[in-house]
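Hydrogens, waters and symmetry mates are skipped; everything else that's a heavy atom, side chains included, is used. Below, read A as the first sequence line, B as the second, and so on, with proteins coming before strands; counting in each chain starts at 1.
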Amino acid sequence: MIDIKMLRRNPEKFKEAVRKRGYDESIIDELLKVDKEWRNLTSEIDKLRARRNEISRRVAAAKREKNNEEANTLIEEGKKIGDLIKELEDKRKELEEKEREILLRIPNPPHESVPVGEDETYNVEIRKWGKPREFDFNPKAHWDIGPDLNLMDIERAGKLSGSRFVILYDKLARLERALINFMLDLHTKEHGYKEVWVPHLVKRETMTWSGQLPKFEEEAYNTKKDDLFLIPTAEVPLVNLHAGEILSENDLPLKYVAYSPCYRREAGSYGKDVRGMIRNHQFDKVELVWYTKPERSYEDLETLVSHAEEVLKRLNLPYRVILLSTGDMGFTAAKTYDIEVWLPSYNNYKEISSCSNTEAFQARRSKTRFRRKNGNVENVHLLNGSGLAVGRTLVAIIENYQMPDGSIKVPDALVPYTGFEVIP
RNA sequence: GGAGGCGUAGCCUAAUUGGCUAAGGCGUCGGUCUUGAAAACCGAUGGGGUGAACGCCCCGUGUGGGUUCGAGUCCCACCGCCUCCGCCA
């Protein structure tokens with residue numbers, strides 16, 4: 001959610017921001033109009049309330065002095081004002097709902113360092129690490145390697161759950177679990193994160209605070225009976241952990257890491273990544289979240305990205321870091337780096353992590369604030385990033401570490417976690 | 001699922017039968033004092049509207065409604081927590 005006070009002061013800046021992101025800027029004018037009406041009405045109501053407060057003070061005084069006649073006259077006036085207030089408040093409530101509805105649909109303005117462009121062709125490559133392996137045999141895709149080893153079962157997953165699900169057996173299942181533990185250990189022991197185990201079902205409000213709703217309801221799984229949502233990422237519970245709280249400046253930054261399965265309907269992605277386990281309705285992810293101060297949030301974003309990169313370095317998987325353009329960023333982000341890992345089956349790099357600074361966009365919705373030493377209360381800045389998507393890391397290992405005989409070598413860093421060096 | 005209890009500010013705790021400005025303590029920040037610190041004392045410490053500014057006004061006792069001239073206090077719904085019963089991995 002954008003800051004309405006900033007918007008009032010500088011509407012042109014916000015129109016430009018909205019335009020850069022490929023949204024229609026008329027939404028800003030619409031919002032300003034409703035806001036103006038709201039403020040006029042609020043002034044009027046406040047004046048009436050002041051009058052009512054005065055009356056009720058005088059009623060109390062009159063009653064104390066046993067002046068019943070005066071009290072009754074005042075009560076009569078109070079009744080009339082009360083009715084009028086109620087009427088105007090109903091009107092104001094309508095405006096408030098309208099204003100909120102518009103506000104929740106305006107994307108986060110991009111940071112000045114973000115390249116402007118309508119789609120991913122305007123993304124900028126920041127750096128590359130490692131070299132894609134040169135195979136002296138014909139490398140296979142993970143959707144062939146896995147089933148050939150009888151360790152990956154897409155057919156039976158389809159029988160149980162439909163398309164975009166997968167079943168893993170034996171050493172591949174074990175590898176998935178090893179990756180989760182490896183990532184959690186790295187971030188907790190070496191990068192200073194606090195491990196969190198989170199609920200996978202959350203309330204509608206929680207999804208709204210973190211920005212998934214109302215705009216992306218189609219993307220989320222919902223349990224109709226209780227109106228709970230399956231989390232599309234652990235970011236949702238993590239960035240709402242301190243909703244409504246005022247943190248102490250000394251507590252910042254707070255760094256959280258959580259493993260969770262992620263559930264996504266992938267409603268708009270028919271025909272995209274249809275083979276294998278690249279784009280599933282359910283996948284594991286280790287998520288990193290920072291609560292930090294505005295003046296250092298961009299510096300911290302760089303650190304967060306480096307933590308995600310470290311996972312790939314330890315696994316010796318080639319990757320590149322991309323800075324997303326204004327048109328390619330998510331709704332809640334002011335700046336996003338994607339990390340892409342090399343996949344032989346795509347003969348290209350494929351997204352494996354997305355790290356964003358949402359500034360105060362989410363914190364404003366969830367009312368997550370901190371108190372500065374001088375007593376001022378401000379919204380925190382929230383950063384989130386995958387560290388990493390576990391399913392895609394598994395795929396990257398299968399494909400990049402495949403051997404001519406169809407087996408898979410386990411990266412050295414993982415051997416302590418798997419207990420074996422080769423699959424099968 | 002059933003019965004009961006509770007929810008006050010960053011934290012802890014008050015508030016006759018509904019009535020003047022939600023009292024007090026702790027913490028934090030700033031100031032006075034001090035060589036420095038502690039102590040003591042003074043002030044600040046939720047949100048909004050309006051205004052160039054000093055300021056003025058409104059809202060805020062879990063959330064949303066209701067009763068009333070007036071609600072922390074009374075009523076209803078919801079959310080959360082606790083206790084007991086039932087069910088349960």
Does the plane of the ring in A:H307 sit parallel, tilted or perpendicular to the ring in A:H191? Use 30° and 60° as the thresholds. parallel

Just call it for [X]: base, sugar-phosphate, or nothing, with non-hydrogen atoms closer than 4.0 Å on any strand.
X      : result
A:I246 : sugar-phosphate
A:N376 : nothing
A:R58  : nothing
A:K367 : nothing
A:K63  : base

When you measure from the side chain of [X], which nucleotide among [options] comes out closest?
X      : options                : value
A:D46  : B:rG46, B:rC79, B:rC58 : B:rC58
A:K93  : B:rG65, B:rC59, B:rU45 : B:rG65
A:R52  : B:rC69, B:rG10, B:rC20 : B:rC69
A:R8   : B:rG48, B:rC59, B:rC20 : B:rG48
A:K373 : B:rC29, B:rC58, B:rC69 : B:rC29
A:V59  : B:rG47, B:rG19, B:rG49 : B:rG19

[atom1] gap between [N] and [M], integer Å:
N      : M      : atom1 : answer
B:rC29 : B:rU8  : P     : 25 Å
B:rA14 : B:rA9  : P     : 13 Å
B:rU28 : B:rC11 : C1'   : 11 Å

Tell me the partner of [N], counting only Watson-Crick (N1-N3 plus N6-O4 or O6-N4) or G-U wobble (N1-O2 and O6-N3) with both under 3.5 Å; none if nothing fits.
N      : answer
B:rA40 : B:rU32
B:rU83 : B:rA3
B:rU68 : none

For A:Y193, is the NZ or CZ atom of A:K255 found under 6.0 angstrom from the centre of its six-membered ring and inside 45 degrees of the ring axis? yes

With a distance cut-off below 6.0 Å to the six-membered ring centre and an angular limit of 45° from the axis, does A:K171 pair with A:F420 as a cation-pi contact? yes

Only one of A:R392, A:R275, A:E399 clears side-chain hydrogen bond (donor to acceptor under 3.5 Å, both in side chains) with A:H142; which? A:E399

